[in-house]
**Q** 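One structure follows; several queries about it will come next.
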Amino acid sequence: MNKLAVELPGLSLKNPIMPASGCFGFGREYSDFYDLSKLGAVIMKAATGERRLGNPTPRVAETNSGMLNAIGLQNPGVEAIIREEVPFLAQYNTNIIANIAGSTIEEYEEVALAFNDTEDVQALELNISCPNVKEGGIQFGTDPMMAARVTEVVKKASNLPVYVKLSPNVSNIVEMAQAVEAAGADGLSMINTLTGMQIHLPTRTPLLANKTGGLSGSAIKPIAIRMIYEVKQHVSIPIIGMGGVSTAEDVVEFLLAGASGVAVGTANFTNPFVCSDIIDELPRTLKKYGFDSVKEVIGKAVTLA
Amino acid sequence: MNKLAVELPGLSLKNPIMPASGCFGFGREYSDFYDLSKLGAVIMKAATGERRLGNPTPRVAETNSGMLNAIGLQNPGVEAIIREEVPFLAQYNTNIIANIAGSTIEEYEEVALAFNDTEDVQALELNISCPNVKEGGIQFGTDPMMAARVTEVVKKASNLPVYVKLSPNVSNIVEMAQAVEAAGADGLSMINTLTGMQIHLPTRTPLLANKTGGLSGSAIKPIAIRMIYEVKQHVSIPIIGMGGVSTAEDVVEFLLAGASGVAVGTANFTNPFVCSDIIDELPRTLKKYGFDSVKEVIGKAVTLA
Amino acid sequence: MISKEIMQILSVSEIASETVEMVLRNEYISEQAIPGQFLHILIDGHTLRRPISIADINRESKTVTILFKIIGDGTKTLAGFKEGMEIDVLGPSGNGFLIEEQDSVVLLIGGGIGVPPMYYLARTMVKKGKKVIAVLGFQSKSHVFYEEKFKELGETIVVTNDGSYGERGFVTDILGKIGSFDTYYSCGPVPMLRAVTNELQGRRGFISIEERMGCGVGACLACVIPATDEKGYKKICSDGPVFDAREVTL
Amino acid sequence: MISKEIMQILSVSEIASETVEMVLRNEYISEQAIPGQFLHILIDGHTLRRPISIADINRESKTVTILFKIIGDGTKTLAGFKEGMEIDVLGPSGNGFLIEEQDSVVLLIGGGIGVPPMYYLARTMVKKGKKVIAVLGFQSKSHVFYEEKFKELGETIVVTNDGSYGERGFVTDILGKIGSFDTYYSCGPVPMLRAVTNELQGRRGFISIEERMGCGVGACLACVIPATDEKGYKKICSDGPVFDAREVTL
Ligand SMILES: Cc1cc2nc3c(=O)[nH]c(=O)nc-3n(C[C@H](O)[C@H](O)[C@H](O)COP(=O)(O)OP(=O)(O)OC[C@H]3O[C@@H](n4cnc5c(N)ncnc54)[C@H](O)[C@@H]3O)c2cc1C
Ligand SMILES: Cc1cc2nc3c(=O)[nH]c(=O)nc-3n(C[C@H](O)[C@H](O)[C@H](O)COP(=O)(O)OP(=O)(O)OC[C@H]3O[C@@H](n4cnc5c(N)ncnc54)[C@H](O)[C@@H]3O)c2cc1C
Ligand SMILES: Cc1cc2nc3c(=O)[nH]c(=O)nc-3n(C[C@H](O)[C@H](O)[C@H](O)COP(=O)(O)O)c2cc1C
Ligand SMILES: Cc1cc2nc3c(=O)[nH]c(=O)nc-3n(C[C@H](O)[C@H](O)[C@H](O)COP(=O)(O)O)c2cc1C
Ligand code: FES
Ligand code: FES
C-alpha cells in the first residue's frame, strides 16, 4: 500500500503534492531539475480562450515572507496549450489538471469544452479568483451567485471533474464554498492570492505596473489554513489546499486543516526542487507526528462546527 | 515649522507615529523604555463596558513575518480605564486615542458616552473589526449596514471625533469605508488583523485556544497598503494606516498610499523602542526620498480612480 | 528594571541531547538579575522574542548562563550562533523567586527545561546558608544535565521518565521520600507543576510558569493566567513567571 | 543546463562605492558559463532569488567572479557574507552573448552595474583575437571600477554622469567619437539601452536587459518583454537576458 496515495474525483494521486497553477508553467522548465513523474499531479498555468499577453512589467515584487504577482493570465490560449503543452506533460506518469480562466462565462465554457477532446487531462481547476483580470475574474470570485453560475456552466460543458478555485478576498469564504458546492463543483481549490500592493519609494508609485498584485508565499499560510479549516466544516467535497506551502510540515498542517491534496506555488521559485524534496520528506514527517498514511491525516484537526 | 506635524480631526500630531491599539497596553510598560511625550499619539487597548478576561491561553502564535493573536479584548472596563489609565497617559505631552469595543450597539454607545467625561482623550477609535469577539464584533466589521449603524450611534453619543477601524476580512473595503463615512465617521483606521489559524502538529489541533486569531505584522503590509490606496481614492476623510509597519520606510510607504497617521503594532514586541526609533529616523528618510515634510507625502502615490 | 541589552556570546555547547548551554557577557544583566528571571531574546527573522530563563550569573566575569532545549526554529537558530556573535535581549525580565530569610531547608523541583532556573536559585540559596534538596526530572538518560553541579550544592535526586537513569517515573513519585523542608520551588511544564502543587498542597511553595508570550513586558496580555485576586488574572511575563503556588489557578 | 549549485565564497571586497566584488568557487558553473549568463542567487530570508551577472570566470581555479551594487535588502545581506560561507545558486542562467566569428572589432558599452558582464565578454573577445573598444558609464568617480582591467584588454573610455572622472555625460554622448566596429554589445539600465539602441540604430548589436524575476527559469512569465516575433514576447530569464537589439521592443 502506498502511504502517500490519495483518491480524489478524477484523480488517483500517488502523493498529495502538486505544483500550483502559474508557478510551474507547463512543467518544461522544472523537468530539467527532476522527473515530473514523481508528482501527484501538475496544475497547469491558466488557459483562456485566446492567447493573452498579460500585464506590463514589472509583474512581481518581493514582500516579507511572500511576493506579489500580476502576470495577468498570460498564456498561449487553450488550443495551443492542448496542442503543444499537454502532450509534453502527458509523457510523465502524473495527473494533469488544467486551470481555466476567462473574462466572460462564455469564455469559461469555451475553454472547458476544449479540454473535453483531450484524454490526457484528468480534471479542471476553475479559476474564478484571479485578481489580475479586470474584466470579470474578480467579480466571479467574490460574488456567490456569479461563482455558482460559472460553476454550473462549466460543469455542464465539461466531462471532467471540476475543482473550483476560491479567492480569499471575501467576507465569507464558507458562503462561497457552499455556493459552488451546490452548483455542482466536484472539489475546491483554495486559496488563490490575496490582493496587495507595494509602493516603490524612489518613484512614489505602485511598484507593479498593474498597481495591485496577488500576495502569495508563507505570509498567507495562516489565512489559507483558517479558510480551509472553516470550509471543511461546512462542505463535503474535497479540498486541494495551497498558500505558502514550502515544507513537509506545512503539508501536514494543510492536511490536518482539511485539505486532501496540497499545491505548492511560490516556493518553487525559492527552490526549484521543493515539490520533489517535500515528497521525499513526507513519509518521515508523517511518522514524526504519529501518522501512518496521508489519508488518515486529512481533516484531523477539524471539529465539526 | 515642524516637518513631521500632521493635523487630523481632534488631533494635533507632532509626528504621525502612534502605537496601535492592543500592542502597547496603556503605555505604562513602554514608558520605562522611552519618554512617551515623543509619540504623536497613543492608541489605548480596547475598552468595553465591563471588565473582560478575554480568551483562554495560548493567545499568540508566531507565523512567518507575523503573528496571530486572540487576546479577546481583555481589559479592565471603561470606568477603570478612565480612572486608572488615562491619568497616567495624560502626564505625557501626547494625544490619547481611546479604542472602544462592544458586543452590542448599546455597549458601544455606553463606552463612547463614558469618554465624554474625560478631558484627556482626544479621539475615539471605533473597533468594529476585532475578529476575536464572537458576539458581534465580526458582524459589525463585515456588514456595511451594521458598520454604518454603530458609527451613527457612537457619533451621536460622543463629543469626540470618531475614527472607525476597518476589518480587512471583507470582499469590498471601499464599500465599508464609504458606508462609515456616510454615517459620519471623522476618519478611518485601517487595517485590523486578518483572520488566520495555525495548527500545532504535535497535538493535531489549532494552536490558539480560540482556534482562530488575528494575523498582524509585516506579512500583511501589502494588503494594508492596497486597502488604504483603494479607500483613499474613494473617501475624503483621513486615514490612520497600520499593518506591518516597522521602519521609517514603511511609514513613508503608508503615507504615499494615503495614510495621514501611522500606527505601529506588532513591531513593538520585536523592538520596544520601535516607535521612538522610527520618529528619530523619519526626517532622514523623508529627505532621502526627496520630501520636506510628512504632509506633502500623504497620498502622493494615489491617482484618482 | 528591564533594559534592552546587547550580549556577547562567549561559548555555546551542547551539554545533553538537544540541550544547549550558552554563556553570555553583559554587565547590566549580570549585576541586576535574580534567580527566576528570564531574558527575552530576539532571534533575527522572528517577530516574537524567545523567553529563556537565567540559569546562572557570575558577577565577577559579568557573565550570564542560559540553558535551552532545541524545540523549534527559534531555538534551533539560536543553537547555531557562534562565539563572538551578539544577541539582542530584553532583561532581566519577570519577578524572580522570593527567598524567605527564615527558611533553613528548601526543596527545588525542576522538570526538563525547568531545571535551569533552579540552578541559579540553588547557588543563591547555598550562598545564603540554606540547605538545598534538588529533585530533577528528565525524559531519559540522554537528556540529563547539571547533575554534578547540583550535587556540589546539596542532595540531588535525578528522575527519568523511562528509568534509563536515576529513579524511574515522575518527580512527584518521589516527593514522598523527601525529608522535611520549609519552602518548595518548582519549574517545569504545566502538567508537572499541576502534579507538584497537588502533591504538596498546603505547603508554602513558589512555581515558575511558562506561557507563549507576545511583548514579554506586560503590555499585550498574551501570557495571562487566571488568579484568585480581585483582578482575576496575572501576567506571567511581568507579574511572574514565579507565583506563590496558592495565588494562581493552573 | 541550469543546475542548483552550492558555491563557496572565496573573497568579498568593496571595490567602489556600494559595489562589491565576490569571488566564488564552483566547478560546474566555472566550466559551463559563457559571457552574458547570470547566477540566480538564494539569500536566506528572501522568497525570490537575486539575478547577478557573471563578471568573470577562471576555469583553472574553478572560480566565478560577480560584481554587484548594494541596492536593497538582498544585496545588502549578500555583501555582508564572509569568506568561507556558501551560497545556493541556480546557474548558469540565461543565453549569453552571441559572438560573431567573423567580427574583428567589437564595441562594448556598459552602464553602472551593467559593466560586469562586459568584462567577461571582453576577456573572451580578446582571447578570440578580436579588438575590443569599451565605453563604461558610471554615476561619478566613486562608482568607477574595473577601468584598469578593461584597459589591459583594449581602448577604454570612462564616462561619468557628473564629470567627476573621465568624460562627462552619458555613454551615448561619446558613441559618435568611436572608430569603426562590427558589432556592439551593451548592458545597463533600460533608459541607457534605449538611448544606445536608438543611437546605433541599424547597426548589429546585442543588448542585455534587466527585469524583476520570479522563477528565473522561464516558468512564471514575470520577466517578459514585448518581441517582434509571432509569439509576441520573450522571457528575459531564459530567452535572454541577451537579445538581438532588433528583436525586442524596449
Ligand atoms: C518564562 C519562561 C522561561 C523559559 N525558560 C526556558 C529555559 O530556560 N530553557 C528553555 O529551553 N526553554 C525555556 N522556556 C521555553 C522557551 O521559551 C521555548 O522553548 C522557546 O520559546 C521555543 O522557541 P522555538 O522558536 O524553538 O519554538 P517554536 O515552537 O517554533 O516557537 C513558536 C512560538 O511559540 C513560543 N513557544 C514555544 N514553546 C514555548 C514554551 N514552552 N513557552 C513559551 N513560549 C513557547 C515561542 O516563543 C515562539 O513565540 C521558557 C519559557 C518561559 C515562558
Ligand atoms: C539578468 C540580470 C543580471 C543582473 N546582473 C547584475 C549584476 O551583475 N550586478 C548587479 O549589481 N546587479 C545586477 N542585476 C540587478 C540585480 O538583480 C538587482 O540589483 C538585485 O536583485 C537587487 O536586489 P535587492 O534585494 O538588493 O533589492 P530590492 O529592491 O530590495 O529587491 C526587491 C526585489 O526586486 C528585484 N530587483 C530590484 N532591482 C532589480 C533590478 N535592477 N533587476 C532585476 N530585479 C531587481 C530583486 O531581485 C527582488 O526580487 C541584474 C539583474 C538581472 C535581471
Ligand atoms: C507568479 C504566479 C502566477 C500565478 N498564476 C496563477 C494562474 O494562472 N491561475 C491560478 O489559478 N492561480 C495562479 N496563481 C496562484 C497560485 O496558484 C496559488 O494559488 C497561490 O500563489 C498561493 O500559493 P503559494 O503561496 O504556494 O504560491 C499564481 C501565483 C503566482 C505566484
Ligand atoms: C496582541 C494584539 C492585540 C490587539 N488588540 C487590539 C485591540 O484591542 N483593538 C484593536 O482595535 N486592535 C487590536 N489589535 C490590532 C492592532 O491594533 C493592529 O490593527 C494590527 O495588529 C495591525 O498592525 P500591526 O501589523 O502593526 O500589528 C491588536 C493586535 C495585536 C497583535
Ligand atoms: S507577553 Fe505581553 S503581557 Fe505578557
Ligand atoms: S522569471 Fe519566471 S519566466 Fe522569467
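Chain A is the first sequence line, chain B the second, and so forth, proteins listed ahead of strands; every chain is numbered from 1.
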**Q** Using non-hydrogen atoms only, which part of A:R28 is less than 4.5 Å away from chain D: side chain, backbone, both, or neither?
**A**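 Contact with chain D is absent: no heavy atom of A:R28 under 4.5 Å.
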**Q** Whether the side chain of D:R212 engages the backbone of A:A61 through a donor-acceptor N/O pair (distance < 3.5 Å, no angle test) should be reported.
**A**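 Pair absent, no side-chain N/O of D:R212 close to backbone of A:A61.
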**Q** Can you confirm whether D:D229 is buried at CG, in the sense that more than 12 heavy atoms of other residues, nucleotides or ligands lie under 6.0 Å from that atom?
**A**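 Counting neighbours around CG of D:D229, more than 12 heavy atoms of other residues, nucleotides or ligands fall under 6.0 Å, so yes.
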**Q** In this structure, are over 12 heavy atoms from other groups packed under 6.0 Å from A:E50 atom CD?
**A**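 12 or below, so no.
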**Q** Select one option (side chain, backbone, both, neither) describing which atoms of A:F26 are under 4.5 Å from chain D's heavy atoms.
**A**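 It is neither, since no heavy atom gets under 4.5 Å.
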**Q** Answer whether the closest heavy-atom distance between the side chains of D:V224 and A:Q74 falls below 4.5 Å.
**A**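 Yes. Closest side-chain heavy atoms under 4.5 Å.
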**Q** Looking at every heavy atom in both A:P272 and D:R49, which two are closest together, and how far apart are they?
**A**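 Taking every non-hydrogen atom into account, CD-NH2, 4.1 Å.
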**Q** Decide side-chain contact (heavy atoms from CB on, under 4.5 Å) for D:S3 and A:F33; before the verdict, give the C-alpha distance in whole Å, the side-chain angles of both, and the deciding distance to 0.1 Å.
**A** CA-CA 7 Å; D:S3 171; A:F33 291 107; over 6 Å; no
**Q** Between CG of A:D32 and CG of D:L90, what distance do you get to the nearest 0.5 Å?
**A**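 CG of D:L90 is found 11.5 Å from CG of A:D32.
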**Q** Within a 6.0 Å radius of atom NZ on A:K38, are there more than 12 heavy atoms belonging to other residues, nucleotides or ligands?
**A**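 Yes, enclosed.
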**Q** Identify which of A:F273, A:F269, A:Y30 forms the greatest number of heavy-atom pairs closer than 4.5 Å to chain D.
**A**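 Most pairs with chain D among the choices: A:F269.
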**Q** How close do D:T47 and A:T270 get, counting heavy atoms only, and between which atoms?
**A**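 Closest pair (atom of D:T47, atom of A:T270, distance): O-OG1, 2.7 Å.
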**Q** Which heavy atom of D:G218 sits nearest a heavy atom of A:E29, and at what distance?
**A**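 Of all heavy-atom pairs spanning D:G218 and A:E29, the closest is O-OE2, 3.1 Å.
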**Q** Is the side chain of A:R59 donor-acceptor paired with the backbone N or O of D:C223 at a distance under 3.5 Å, no angle test?
**A**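 Such a contact is absent between A:R59 side chain and D:C223 backbone.
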**Q** Could you tell me which portion of D:L48 (side chain, backbone, both or neither) has an atom closer than 4.5 angstrom to a non-hydrogen atom of chain A?
**A**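 When you check distances to chain A, atoms from both the backbone and side chain of D:L48 fall under 4.5 Å.
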**Q** Considering only heavy atoms and a distance below 4.5 Å, find which of A:S65, A:G66, A:G22, A:S246 pairs most often with chain D.
**A**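 Most heavy-atom pairs under 4.5 Å with chain D: A:G66.
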**Q** Using a 4.5 Å cut-off on heavy atoms from C-beta on, say whether the side chain of A:E62 contacts that of D:H46.
**A**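 Contact flag for D:H46/A:E62 side chains = yes.
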**Q** Select one option (side chain, backbone, both, neither) describing which atoms of A:N268 are under 4.5 Å from chain D's heavy atoms.
**A**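 When you check distances to chain D, no heavy atom of A:N268 falls under 4.5 Å.
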**Q** Got more than 12 heavy atoms from elsewhere within 6.0 Å of NZ, D:K231?
**A**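 Check passes, neighbour count above 12.
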**Q** For residues A:V60 and D:A222, report the shortest heavy-atom separation together with the two atoms involved.
**A**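 Taking every non-hydrogen atom into account, CG1-CB, 3.6 Å.
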**Q** Are the side chains of D:Y233 and A:L53 in contact, using a 4.5 Å heavy-atom criterion?
**A**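 Yes, close enough: below the 4.5 Å cut-off.
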**Q** Sort D:I2 into side chain, backbone, both or neither according to what part of it lies under 4.5 angstrom from a heavy atom of chain A.
**A**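 Contact with chain A involves both backbone and side-chain atoms of D:I2.
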**Q** Within this structure, what is the SG-CG distance for the pair D:C220 and A:N69, rounded to the nearest 0.5 Å?
**A**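 Between atom SG of D:C220 and atom CG of A:N69 there are 8.0 Å.
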**Q** To the closest 0.5 Å, what do you measure between CG (A:N271) and CG (D:D88)?
**A**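 If we round to the nearest 0.5 Å, A:N271:CG and D:D88:CG are 7.0 Å apart.
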